[in-house]
Student: 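Before we start, here is the structure in question, set down as C-alpha coordinates.
Below, chains carry the letters A, B, ... as their sequence lines are ordered, and counting in each starts from 1.
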There are 2 protein chains.
Amino acid sequence: MNAEKSIILKGIEKHITLSEEEQQHFLSLLTSVKFKKKHPVLQPGEIAHEAAFVIEGCLRSYSIDDNGFEHIIQFAPEGWWMTDMYSFISQRPAQLYIEPIVDTEAFLFSRKNQMKLFDDIPKFERYFRIITENSLVAYRQRVVDNLGLNAQQRYEQFCVTYPTLIQILPQKQVASYIGVTPEFLSKMKKGMMRKR
Amino acid sequence: MNAEKSIILKGIEKHITLSEEEQQHFLSLLTSVKFKKKHPVLQPGEIAHEAAFVIEGCLRSYSIDDNGFEHIIQFAPEGWWMTDMYSFISQRPAQLYIEPIVDTEAFLFSRKNQMKLFDDIPKFERYFRIITENSLVAYRQRVVDNLGLNAQQRYEQFCVTYPTLIQILPQKQVASYIGVTPEFLSKMKKGMMRKR
DNA sequence: CAGAACCAATAATGTAGATTAAGAAAAAGG
DNA sequence: CCTTTTTCTTAATCTACATTATTGGTTCTG
(Lines give C-alpha, C1' and ligand atoms only; values in the text may rest on other atoms or scores of the structure.)
Protein backbone atom coordinates (compact mmCIF):
# COMPACT_ATOMS: atom_id res chain seq x y z
CA MET A 1 0.00 0.00 0.00
CA ASN A 2 1.34 3.41 -0.87
CA ALA A 3 2.29 6.05 1.66
CA GLU A 4 -0.51 8.55 0.88
CA LYS A 5 -3.18 6.02 1.62
CA SER A 6 -1.58 4.96 4.86
CA ILE A 7 -1.68 8.57 6.13
CA ILE A 8 -5.44 8.71 5.96
CA LEU A 9 -5.92 5.20 7.38
CA LYS A 10 -3.63 5.99 10.29
CA GLY A 11 -5.86 8.91 11.23
CA ILE A 12 -8.97 6.78 11.04
CA GLU A 13 -7.51 3.94 13.09
CA LYS A 14 -6.95 6.26 16.00
CA HIS A 15 -10.72 6.11 16.44
CA ILE A 16 -12.03 2.88 14.92
CA THR A 17 -10.62 -0.52 13.96
CA LEU A 18 -10.97 -1.71 10.38
CA SER A 19 -10.45 -5.07 8.68
CA GLU A 20 -8.29 -5.28 5.58
CA GLU A 21 -11.37 -5.39 3.32
CA GLU A 22 -12.96 -2.46 5.07
CA GLN A 23 -9.79 -0.46 4.54
CA GLN A 24 -9.75 -1.33 0.86
CA HIS A 25 -13.42 -0.54 0.46
CA PHE A 26 -12.93 2.89 1.99
CA LEU A 27 -9.87 3.64 -0.11
CA SER A 28 -11.75 2.67 -3.27
CA LEU A 29 -14.15 5.56 -2.58
CA LEU A 30 -11.41 8.18 -2.71
CA THR A 31 -10.11 9.95 -5.77
CA SER A 32 -6.65 11.43 -5.86
CA VAL A 33 -6.20 15.03 -7.01
CA LYS A 34 -3.52 17.69 -7.30
CA PHE A 35 -4.31 21.37 -6.88
CA LYS A 36 -2.11 24.12 -8.25
CA LYS A 37 -1.31 26.96 -5.87
CA LYS A 38 -4.03 29.62 -5.90
CA HIS A 39 -6.22 27.79 -8.39
CA PRO A 40 -9.69 27.78 -6.79
CA VAL A 41 -10.92 24.48 -5.38
CA LEU A 42 -14.37 25.77 -4.44
CA GLN A 43 -16.19 29.07 -4.75
CA PRO A 44 -19.35 30.49 -3.15
CA GLY A 45 -22.41 29.37 -5.09
CA GLU A 46 -20.90 26.06 -6.10
CA ILE A 47 -21.85 22.87 -4.28
CA ALA A 48 -19.27 21.07 -2.16
CA HIS A 49 -19.93 17.58 -3.47
CA GLU A 50 -16.70 16.46 -1.83
CA ALA A 51 -14.56 16.91 1.23
CA ALA A 52 -10.78 16.96 0.72
CA PHE A 53 -8.22 15.16 2.86
CA VAL A 54 -4.83 16.85 2.46
CA ILE A 55 -1.86 14.56 1.81
CA GLU A 56 0.69 17.20 1.02
CA GLY A 57 0.57 20.99 0.94
CA CYS A 58 -2.06 23.17 2.54
CA LEU A 59 -5.55 24.47 1.77
CA ARG A 60 -7.34 27.45 3.24
CA SER A 61 -11.00 28.45 3.33
CA TYR A 62 -12.08 32.07 3.50
CA SER A 63 -15.00 34.43 3.10
CA ILE A 64 -15.03 37.88 1.50
CA ASP A 65 -17.03 40.59 3.27
CA ASP A 66 -19.05 43.53 1.89
CA ASN A 67 -15.92 45.68 1.75
CA GLY A 68 -13.98 43.08 -0.22
CA PHE A 69 -11.80 41.92 2.68
CA GLU A 70 -10.84 38.27 2.98
CA HIS A 71 -11.27 36.48 6.30
CA ILE A 72 -9.58 33.13 6.65
CA ILE A 73 -11.79 30.57 8.35
CA GLN A 74 -9.57 27.50 8.37
CA PHE A 75 -6.22 26.14 7.29
CA ALA A 76 -5.85 22.48 6.36
CA PRO A 77 -2.25 21.24 6.29
CA GLU A 78 -1.31 17.58 5.81
CA GLY A 79 -3.59 15.14 7.56
CA TRP A 80 -6.55 17.54 7.84
CA TRP A 81 -9.97 17.46 6.21
CA MET A 82 -11.27 20.53 4.40
CA THR A 83 -14.65 21.34 2.91
CA ASP A 84 -17.41 23.92 3.12
CA MET A 85 -19.23 21.96 5.80
CA TYR A 86 -22.46 23.90 5.32
CA SER A 87 -22.58 23.02 1.65
CA PHE A 88 -21.25 19.49 2.14
CA ILE A 89 -23.95 18.42 4.59
CA SER A 90 -26.85 20.29 2.99
CA GLN A 91 -25.70 20.02 -0.63
CA ARG A 92 -26.69 23.65 -1.09
CA PRO A 93 -24.55 26.47 -2.52
CA ALA A 94 -21.29 27.04 -0.66
CA GLN A 95 -20.51 30.26 1.19
CA LEU A 96 -16.74 29.95 1.30
CA TYR A 97 -13.80 29.99 -1.04
CA ILE A 98 -11.34 27.10 -0.79
CA GLU A 99 -7.87 27.54 -2.27
CA PRO A 100 -4.43 25.92 -1.97
CA ILE A 101 -1.76 28.18 -0.53
CA VAL A 102 0.90 25.93 -2.08
CA ASP A 103 0.71 23.11 -4.63
CA THR A 104 -1.37 20.51 -2.83
CA GLU A 105 -2.13 16.83 -3.12
CA ALA A 106 -5.37 15.51 -1.65
CA PHE A 107 -7.98 12.78 -1.66
CA LEU A 108 -11.55 13.70 -2.49
CA PHE A 109 -14.40 11.93 -0.74
CA SER A 110 -17.92 12.64 -1.98
CA ARG A 111 -20.94 13.16 0.26
CA LYS A 112 -22.71 10.51 -1.81
CA ASN A 113 -19.99 7.95 -1.07
CA GLN A 114 -19.96 9.00 2.55
CA MET A 115 -23.68 8.30 2.90
CA LYS A 116 -23.25 4.93 1.23
CA LEU A 117 -20.27 4.12 3.45
CA PHE A 118 -22.30 4.91 6.57
CA ASP A 119 -24.86 2.31 5.50
CA ASP A 120 -22.25 -0.27 4.44
CA ILE A 121 -19.83 0.08 7.37
CA PRO A 122 -21.58 1.88 10.25
CA LYS A 123 -18.30 2.16 12.17
CA PHE A 124 -17.39 5.06 9.92
CA GLU A 125 -20.26 7.00 11.37
CA ARG A 126 -18.26 7.00 14.61
CA TYR A 127 -15.08 8.24 12.98
CA PHE A 128 -16.82 11.17 11.37
CA ARG A 129 -18.80 11.91 14.53
CA ILE A 130 -15.56 12.17 16.46
CA ILE A 131 -13.71 14.40 14.04
CA THR A 132 -16.79 16.59 13.74
CA GLU A 133 -16.91 16.90 17.53
CA ASN A 134 -13.25 17.92 17.59
CA SER A 135 -13.76 20.42 14.82
CA LEU A 136 -16.77 21.89 16.63
CA VAL A 137 -14.65 22.39 19.75
CA ALA A 138 -12.01 24.18 17.69
CA TYR A 139 -14.59 26.55 16.21
CA ARG A 140 -16.07 27.18 19.62
CA GLN A 141 -12.64 28.09 20.96
CA ARG A 142 -12.27 30.51 18.08
CA VAL A 143 -15.53 32.20 19.05
CA VAL A 144 -14.40 32.42 22.68
CA ASP A 145 -11.09 33.93 21.60
CA ASN A 146 -12.63 36.39 19.16
CA LEU A 147 -15.00 37.68 21.83
CA GLY A 148 -12.67 37.68 24.83
CA LEU A 149 -9.11 38.33 23.63
CA ASN A 150 -7.53 41.43 22.14
CA ALA A 151 -5.45 41.34 18.96
CA GLN A 152 -2.16 40.74 20.79
CA GLN A 153 -3.58 37.79 22.72
CA ARG A 154 -5.19 36.29 19.61
CA TYR A 155 -1.82 36.44 17.87
CA GLU A 156 -0.06 34.73 20.78
CA GLN A 157 -2.83 32.13 20.86
CA PHE A 158 -2.37 31.50 17.15
CA CYS A 159 1.38 31.01 17.61
CA VAL A 160 0.95 28.36 20.30
CA THR A 161 -1.96 26.60 18.54
CA TYR A 162 -0.35 26.49 15.08
CA PRO A 163 3.43 26.64 15.65
CA THR A 164 4.18 24.98 12.30
CA LEU A 165 1.82 27.15 10.28
CA ILE A 166 3.45 30.31 11.61
CA GLN A 167 6.69 29.27 9.88
CA ILE A 168 5.04 28.73 6.51
CA LEU A 169 2.36 31.37 6.16
CA PRO A 170 2.78 34.88 4.81
CA GLN A 171 2.09 37.24 7.68
CA LYS A 172 -0.92 38.78 6.01
CA GLN A 173 -2.70 35.42 6.14
CA VAL A 174 -2.11 35.15 9.86
CA ALA A 175 -3.54 38.66 10.15
CA SER A 176 -6.58 37.63 8.13
CA TYR A 177 -7.14 34.61 10.40
CA ILE A 178 -6.89 36.45 13.71
CA GLY A 179 -8.94 39.36 12.40
CA VAL A 180 -6.57 42.32 12.11
CA THR A 181 -4.99 44.22 9.23
CA PRO A 182 -1.47 43.21 8.12
CA GLU A 183 -0.32 46.71 9.07
CA PHE A 184 -1.49 46.29 12.63
CA LEU A 185 0.04 42.83 12.98
CA SER A 186 3.35 44.27 11.84
CA LYS A 187 3.03 47.02 14.44
CA MET A 188 2.24 44.50 17.20
CA LYS A 189 5.28 42.40 16.37
CA LYS A 190 7.54 45.44 16.57
CA GLY A 191 6.07 46.17 19.98
CA MET A 192 6.72 42.59 21.13
CA MET A 193 10.37 42.81 20.07
CA ARG A 194 10.95 45.91 22.13
CA LYS A 195 9.74 44.15 25.26
CA ARG A 196 12.44 41.43 25.40
CA MET B 1 -45.84 8.49 27.28
CA ASN B 2 -45.57 11.95 28.75
CA ALA B 3 -45.14 15.13 26.76
CA GLU B 4 -41.57 15.95 27.82
CA LYS B 5 -40.25 12.67 26.56
CA SER B 6 -42.04 12.96 23.26
CA ILE B 7 -40.30 16.31 22.59
CA ILE B 8 -36.88 14.73 22.61
CA LEU B 9 -37.96 11.65 20.64
CA LYS B 10 -39.55 13.84 17.99
CA GLY B 11 -36.21 15.57 17.45
CA ILE B 12 -34.39 12.29 17.16
CA GLU B 13 -36.88 10.77 14.76
CA LYS B 14 -36.25 13.53 12.27
CA HIS B 15 -32.93 11.80 11.65
CA ILE B 16 -33.24 8.11 12.57
CA THR B 17 -36.06 5.57 13.03
CA LEU B 18 -36.43 3.80 16.36
CA SER B 19 -38.45 0.80 17.51
CA GLU B 20 -40.60 1.08 20.61
CA GLU B 21 -37.98 -0.76 22.73
CA GLU B 22 -35.17 1.40 21.41
CA GLN B 23 -37.13 4.49 22.37
CA GLN B 24 -37.70 3.15 25.85
CA HIS B 25 -34.09 2.13 26.25
CA PHE B 26 -32.93 5.61 25.31
CA LEU B 27 -35.41 7.32 27.63
CA SER B 28 -34.28 5.09 30.50
CA LEU B 29 -30.82 6.68 30.21
CA LEU B 30 -32.12 10.20 30.85
CA THR B 31 -32.61 11.84 34.21
CA SER B 32 -35.04 14.67 34.68
CA VAL B 33 -33.86 17.86 36.42
CA LYS B 34 -35.09 21.34 37.23
CA PHE B 35 -32.71 24.28 37.38
CA LYS B 36 -33.52 27.46 39.25
CA LYS B 37 -32.86 30.71 37.43
CA LYS B 38 -29.22 31.82 37.77
CA HIS B 39 -28.19 28.82 39.85
CA PRO B 40 -25.02 27.54 38.15
CA VAL B 41 -25.36 24.31 36.16
CA LEU B 42 -21.66 24.05 35.31
CA GLN B 43 -18.55 26.09 36.08
CA PRO B 44 -15.03 26.18 34.62
CA GLY B 45 -12.88 23.51 36.22
CA GLU B 46 -15.76 21.10 36.75
CA ILE B 47 -16.26 18.19 34.40
CA ALA B 48 -19.29 18.10 32.12
CA HIS B 49 -20.31 14.52 32.80
CA GLU B 50 -23.64 15.25 31.15
CA ALA B 51 -25.24 17.10 28.29
CA ALA B 52 -28.61 18.75 28.94
CA PHE B 53 -31.63 18.67 26.64
CA VAL B 54 -33.91 21.61 27.43
CA ILE B 55 -37.61 20.80 27.82
CA GLU B 56 -38.75 24.14 29.12
CA GLY B 57 -36.96 27.41 29.83
CA CYS B 58 -33.55 28.41 28.49
CA LEU B 59 -29.88 27.87 29.31
CA ARG B 60 -26.90 29.94 28.28
CA SER B 61 -23.18 29.19 28.21
CA TYR B 62 -20.58 31.91 28.58
CA SER B 63 -16.93 32.60 29.26
CA ILE B 64 -15.41 35.35 31.39
CA ASP B 65 -12.34 37.13 30.01
CA ASP B 66 -9.26 38.57 31.76
CA ASN B 67 -11.09 41.82 32.39
CA GLY B 68 -14.06 40.12 33.98
CA PHE B 69 -16.44 40.54 31.04
CA GLU B 70 -18.93 37.81 30.16
CA HIS B 71 -19.21 36.59 26.59
CA ILE B 72 -22.22 34.47 25.76
CA ILE B 73 -21.31 31.51 23.58
CA GLN B 74 -24.67 29.81 23.16
CA PHE B 75 -28.32 29.94 24.13
CA ALA B 76 -30.33 26.73 24.47
CA PRO B 77 -34.10 27.25 24.47
CA GLU B 78 -36.60 24.37 24.40
CA GLY B 79 -35.59 21.48 22.19
CA TRP B 80 -31.86 22.30 22.18
CA TRP B 81 -28.89 20.46 23.63
CA MET B 82 -26.43 22.27 25.86
CA THR B 83 -23.10 21.23 27.32
CA ASP B 84 -19.48 22.30 27.44
CA MET B 85 -18.63 20.20 24.41
CA TYR B 86 -14.90 20.38 25.07
CA SER B 87 -15.31 18.95 28.55
CA PHE B 88 -18.07 16.53 27.55
CA ILE B 89 -16.05 14.79 24.84
CA SER B 90 -12.68 14.86 26.61
CA GLN B 91 -13.97 14.53 30.20
CA ARG B 92 -11.48 17.22 31.19
CA PRO B 93 -12.18 20.42 33.13
CA ALA B 94 -14.75 22.69 31.52
CA GLN B 95 -13.94 26.16 30.25
CA LEU B 96 -17.44 27.60 30.24
CA TYR B 97 -20.16 28.57 32.66
CA ILE B 98 -23.63 27.17 32.04
CA GLU B 99 -26.59 28.85 33.70
CA PRO B 100 -30.38 29.03 33.28
CA ILE B 101 -31.68 32.47 32.34
CA VAL B 102 -35.14 31.41 33.61
CA ASP B 103 -36.31 28.43 35.66
CA THR B 104 -35.57 25.51 33.38
CA GLU B 105 -36.55 21.88 33.03
CA ALA B 106 -34.19 19.51 31.25
CA PHE B 107 -33.08 15.94 30.71
CA LEU B 108 -29.50 15.04 31.54
CA PHE B 109 -27.68 12.47 29.41
CA SER B 110 -24.27 11.32 30.61
CA ARG B 111 -21.26 10.79 28.37
CA LYS B 112 -20.94 7.33 29.88
CA ASN B 113 -24.48 6.42 28.87
CA GLN B 114 -23.90 7.96 25.47
CA MET B 115 -20.88 5.74 24.87
CA LYS B 116 -22.82 2.70 25.97
CA LEU B 117 -25.76 3.67 23.78
CA PHE B 118 -23.49 3.96 20.75
CA ASP B 119 -22.41 0.37 21.27
CA ASP B 120 -25.93 -0.93 22.01
CA ILE B 121 -27.80 0.95 19.27
CA PRO B 122 -25.34 2.22 16.66
CA LYS B 123 -28.07 4.21 14.93
CA PHE B 124 -27.68 6.83 17.66
CA GLU B 125 -24.19 7.49 16.44
CA ARG B 126 -25.84 8.90 13.33
CA TYR B 127 -28.20 11.17 15.25
CA PHE B 128 -25.40 12.70 17.24
CA ARG B 129 -23.18 12.97 14.18
CA ILE B 130 -25.89 14.96 12.42
CA ILE B 131 -26.63 17.36 15.26
CA THR B 132 -22.91 17.86 15.79
CA GLU B 133 -22.52 18.69 12.08
CA ASN B 134 -25.32 21.24 12.35
CA SER B 135 -23.86 22.76 15.45
CA LEU B 136 -20.45 23.00 13.81
CA VAL B 137 -21.98 24.90 10.91
CA ALA B 138 -23.63 27.32 13.34
CA TYR B 139 -20.32 28.01 15.09
CA ARG B 140 -18.58 28.47 11.77
CA GLN B 141 -21.17 31.02 10.73
CA ARG B 142 -20.55 32.84 13.97
CA VAL B 143 -16.82 33.01 13.16
CA VAL B 144 -17.60 34.32 9.66
CA ASP B 145 -19.93 36.96 11.11
CA ASN B 146 -17.51 38.02 13.86
CA LEU B 147 -14.74 38.52 11.33
CA GLY B 148 -16.71 40.05 8.46
CA LEU B 149 -19.63 42.03 9.89
CA ASN B 150 -19.71 45.23 11.94
CA ALA B 151 -21.73 45.55 15.14
CA GLN B 152 -24.86 46.80 13.38
CA GLN B 153 -24.83 43.91 10.93
CA ARG B 154 -24.20 41.35 13.68
CA TYR B 155 -27.20 42.70 15.55
CA GLU B 156 -29.43 42.47 12.49
CA GLN B 157 -28.12 38.95 11.87
CA PHE B 158 -28.97 37.98 15.44
CA CYS B 159 -32.51 39.32 15.04
CA VAL B 160 -33.20 37.24 11.94
CA THR B 161 -31.48 34.10 13.29
CA TYR B 162 -33.10 34.15 16.73
CA PRO B 163 -36.37 36.09 16.35
CA THR B 164 -37.91 34.43 19.39
CA LEU B 165 -34.92 34.95 21.66
CA ILE B 166 -34.90 38.67 20.92
CA GLN B 167 -38.32 38.93 22.58
CA ILE B 168 -37.23 37.17 25.76
CA LEU B 169 -33.67 38.24 26.43
CA PRO B 170 -32.51 41.28 28.35
CA GLN B 171 -30.70 43.53 25.91
CA LYS B 172 -27.38 43.21 27.70
CA GLN B 173 -27.33 39.49 26.93
CA VAL B 174 -27.86 40.14 23.24
CA ALA B 175 -24.98 42.62 23.47
CA SER B 176 -22.81 40.01 25.16
CA TYR B 177 -23.59 37.48 22.41
CA ILE B 178 -22.87 39.77 19.46
CA GLY B 179 -19.77 41.17 21.15
CA VAL B 180 -20.55 44.79 22.00
CA THR B 181 -21.23 46.69 25.22
CA PRO B 182 -24.86 47.20 26.29
CA GLU B 183 -24.28 50.96 25.96
CA PHE B 184 -23.30 50.65 22.34
CA LEU B 185 -26.20 48.34 21.50
CA SER B 186 -28.56 50.90 22.98
CA LYS B 187 -26.96 53.59 20.84
CA MET B 188 -27.26 51.46 17.69
CA LYS B 189 -30.94 50.84 18.27
CA LYS B 190 -31.59 54.55 18.65
CA GLY B 191 -29.81 55.08 15.35
CA MET B 192 -31.97 52.43 13.66
CA MET B 193 -35.20 54.08 14.89
CA ARG B 194 -34.23 57.42 13.39
CA LYS B 195 -33.82 55.86 9.96
CA ARG B 196 -37.43 54.67 9.55
C1' DC C 1 -44.70 46.69 49.32
C1' DA C 2 -40.34 48.61 50.22
C1' DG C 3 -35.63 48.26 49.54
C1' DA C 4 -32.27 46.06 46.67
C1' DA C 5 -30.66 44.55 42.68
C1' DC C 6 -30.89 44.77 37.97
C1' DC C 7 -31.59 47.03 33.42
C1' DA C 8 -31.93 50.69 29.70
C1' DA C 9 -30.79 55.26 27.91
C1' DT C 10 -27.84 59.08 27.15
C1' DA C 11 -23.65 61.62 26.73
C1' DA C 12 -18.77 62.97 27.24
C1' DT C 13 -14.37 61.23 26.66
C1' DG C 14 -10.85 57.61 25.52
C1' DT C 15 -8.49 54.01 22.68
C1' DA C 16 -7.61 49.71 19.99
C1' DG C 17 -7.25 48.94 15.77
C1' DA C 18 -8.45 50.65 10.70
C1' DT C 19 -7.24 53.46 6.84
C1' DT C 20 -4.22 55.61 3.72
C1' DA C 21 0.08 56.23 1.65
C1' DA C 22 4.63 55.25 0.37
C1' DG C 23 8.96 52.97 0.16
C1' DA C 24 11.88 48.67 1.01
C1' DA C 25 12.34 43.79 0.80
C1' DA C 26 11.30 39.49 -0.76
C1' DA C 27 9.42 36.12 -3.82
C1' DA C 28 7.54 34.50 -8.11
C1' DG C 29 7.79 33.65 -12.69
C1' DG C 30 9.06 33.79 -17.32
C1' DC D 1 18.73 36.86 -14.38
C1' DC D 2 15.81 40.66 -14.61
C1' DT D 3 10.94 42.17 -14.24
C1' DT D 4 6.67 41.95 -12.00
C1' DT D 5 4.07 41.00 -8.27
C1' DT D 6 3.43 40.27 -3.72
C1' DT D 7 4.58 41.08 0.96
C1' DC D 8 6.38 43.78 4.96
C1' DT D 9 7.31 48.02 7.51
C1' DT D 10 6.55 52.58 9.15
C1' DA D 11 3.99 56.56 10.24
C1' DA D 12 0.22 59.94 10.24
C1' DT D 13 -4.54 60.24 10.65
C1' DC D 14 -9.16 58.52 11.50
C1' DT D 15 -13.24 55.90 13.48
C1' DA D 16 -15.99 52.23 15.45
C1' DC D 17 -16.69 50.97 19.56
C1' DA D 18 -15.26 51.02 24.76
C1' DT D 19 -15.21 53.34 29.15
C1' DT D 20 -17.06 56.01 32.70
C1' DA D 21 -20.65 58.31 34.84
C1' DT D 22 -25.41 59.63 35.70
C1' DT D 23 -30.34 59.12 35.75
C1' DG D 24 -34.65 56.84 35.79
C1' DG D 25 -37.27 52.67 35.10
C1' DT D 26 -38.11 47.50 36.20
C1' DT D 27 -38.43 43.46 38.49
C1' DC D 28 -36.89 40.52 42.28
C1' DT D 29 -37.32 39.13 46.86
C1' DG D 30 -37.78 39.12 51.80
Side-chain angles (χ1 to χ4, degrees), chain A residues 35-39 57-58 60 62 64-72 99-104 145-159 165-195, chain B residues 35-39 57-58 60 62 64-72 99-104 145-159 165-195:
Chain A
F35 298 117
K36 274 283 174 207
K37 182 174 179 174
K38 292 190 184 178
H39 288 210
C58 188
R60 68 176 178 128
Y62 62 96
I64 297 187
D65 70 24
D66 292 353
N67 305 313
F69 290 104
E70 291 183 10
H71 303 281
I72 297 183
E99 216 180 80
I101 62 181
V102 293
D103 289 358
T104 295
D145 291 350
N146 283 337
L147 290 173
L149 304 182
N150 64 26
Q152 179 73 47
Q153 294 168 319
R154 292 200 305 277
Y155 177 65
E156 285 160 11
Q157 192 57 49
F158 186 91
C159 291
L165 280 179
I166 274 286
Q167 322 282 3
I168 303 163
L169 294 174
Q171 210 168 270
K172 61 175 287 200
Q173 294 199 16
V174 177
S176 166
Y177 184 94
I178 66 177
V180 296
T181 57
E183 292 84 353
F184 189 69
L185 177 53
S186 180
K187 195 171 163 184
M188 281 198 296
K189 289 178 77 172
K190 192 176 61 161
M192 286 172 68
M193 305 276 308
R194 260 198 277 99
K195 280 185 187 154
Chain B
F35 298 116
K36 274 282 173 206
K37 180 174 180 175
K38 293 194 183 172
H39 289 211
C58 189
R60 68 176 179 128
Y62 62 97
I64 297 189
D65 69 26
D66 292 352
N67 304 314
F69 291 104
E70 290 183 10
H71 302 281
I72 297 183
E99 216 181 78
I101 60 180
V102 295
D103 289 358
T104 295
D145 289 351
N146 284 170
L147 291 172
L149 303 182
N150 64 25
Q152 179 73 48
Q153 294 168 320
R154 292 201 304 280
Y155 177 65
E156 285 161 11
Q157 192 57 50
F158 185 91
C159 292
L165 280 178
I166 274 285
Q167 322 282 3
I168 303 164
L169 295 174
Q171 216 172 110
K172 60 175 289 200
Q173 293 201 16
V174 177
S176 166
Y177 184 95
I178 66 176
V180 295
T181 56
E183 292 84 353
F184 190 69
L185 177 53
S186 179
K187 196 169 164 185
M188 278 198 298
K189 288 177 77 172
K190 192 176 65 159
M192 286 170 71
M193 306 273 312
R194 261 200 279 97
K195 280 187 186 153

Student: Would you confirm whether B/Asn150, through its side chain, and B/Gln152, through its main-chain N or O, come within 3.5 Å as a donor-acceptor pair?
Tutor: yes
Student: Rounded to the nearest Å, what distance is computed from the CZ atom of residue B/Arg154 to the P atom of nucleotide D/dC17?
Tutor: 7 Å
Student: Select from A/Asn150 and A/Glu183 the residue whose nearest nucleotide in DNA chain C is closer to the 5' end of that strand.
Tutor: A/Asn150
Student: How long is the line joining NZ of A/Lys37 and P of D/dT5, in whole Å?
Tutor: 15 Å
Student: When the distance from OH of A/Tyr155 to C1' of C/dA16 is rounded to whole Å, what number comes out?
Tutor: 18 Å
Student: Quick one: does B/Tyr155's side chain get under 4.5 Å of B/Ile166's, heavy atoms only?
Tutor: yes
Student: Return the value, rounded to whole Å, for the distance between atom CD of B/Gln171 and atom C1' of D/dG25.
Tutor: 13 Å
Student: Of all heavy-atom pairs between B/Ala151 and B/Val180, which one has the smallest distance, and what is that distance?
Tutor: CB-CG1, 3.6 Å
Student: Ignoring the backbone of B/Ser186, work out which of C/dT10, D/dC17, D/dA11 is nearest its side chain.
Tutor: C/dT10
Student: Measure the distance from CE on A/Met188 to P on D/dA11 and round it to the nearest whole Å.
Tutor: 17 Å
Student: For D/dC17, take OP1 and OP2 only and decide whether either is under 4.0 Å from a side-chain N or O of B/Thr181.
Tutor: no
Student: Respond yes when some side-chain nitrogen or oxygen of B/Lys187 is under 4.0 Å from OP1 or OP2 of D/dA18, and no when none is.
Tutor: no
Student: What is the distance from CD of B/Gln152 to C1' of D/dA16, rounded to the nearest Å?
Tutor: 12 Å
Student: Side-chain N or O of B/Lys38 less than 4.0 angstrom from OP1 or OP2 on D/dC28?
Tutor: no
Student: Quick check: closest heavy atoms across B/Arg154 and B/Asp145, and the distance to 0.1 Å?
Tutor: CD-O, 3.8 Å
Student: Once you round it to whole Å, what is the distance between P of D/dC28 and CG of B/Asp103?
Tutor: 11 Å
Student: How close do B/Gln173 and B/Arg60 get, heavy atom to heavy atom, and via which atoms?
Tutor: OE1-CD, 3.6 Å
Student: Taking the side chain of B/Phe69 as its heavy atoms from C-beta onward, which of D/dT19, C/dG17, C/dA9 lies nearest to it?
Tutor: D/dT19
Student: Once you round it to whole Å, what is the distance between P of D/dT27 and NZ of B/Lys172?
Tutor: 15 Å
Student: Pick the closest DNA chain C nucleotide for B/Gln173 and for B/Phe184 by heavy atoms, then say which residue is nearer the 5' end.
Tutor: B/Gln173
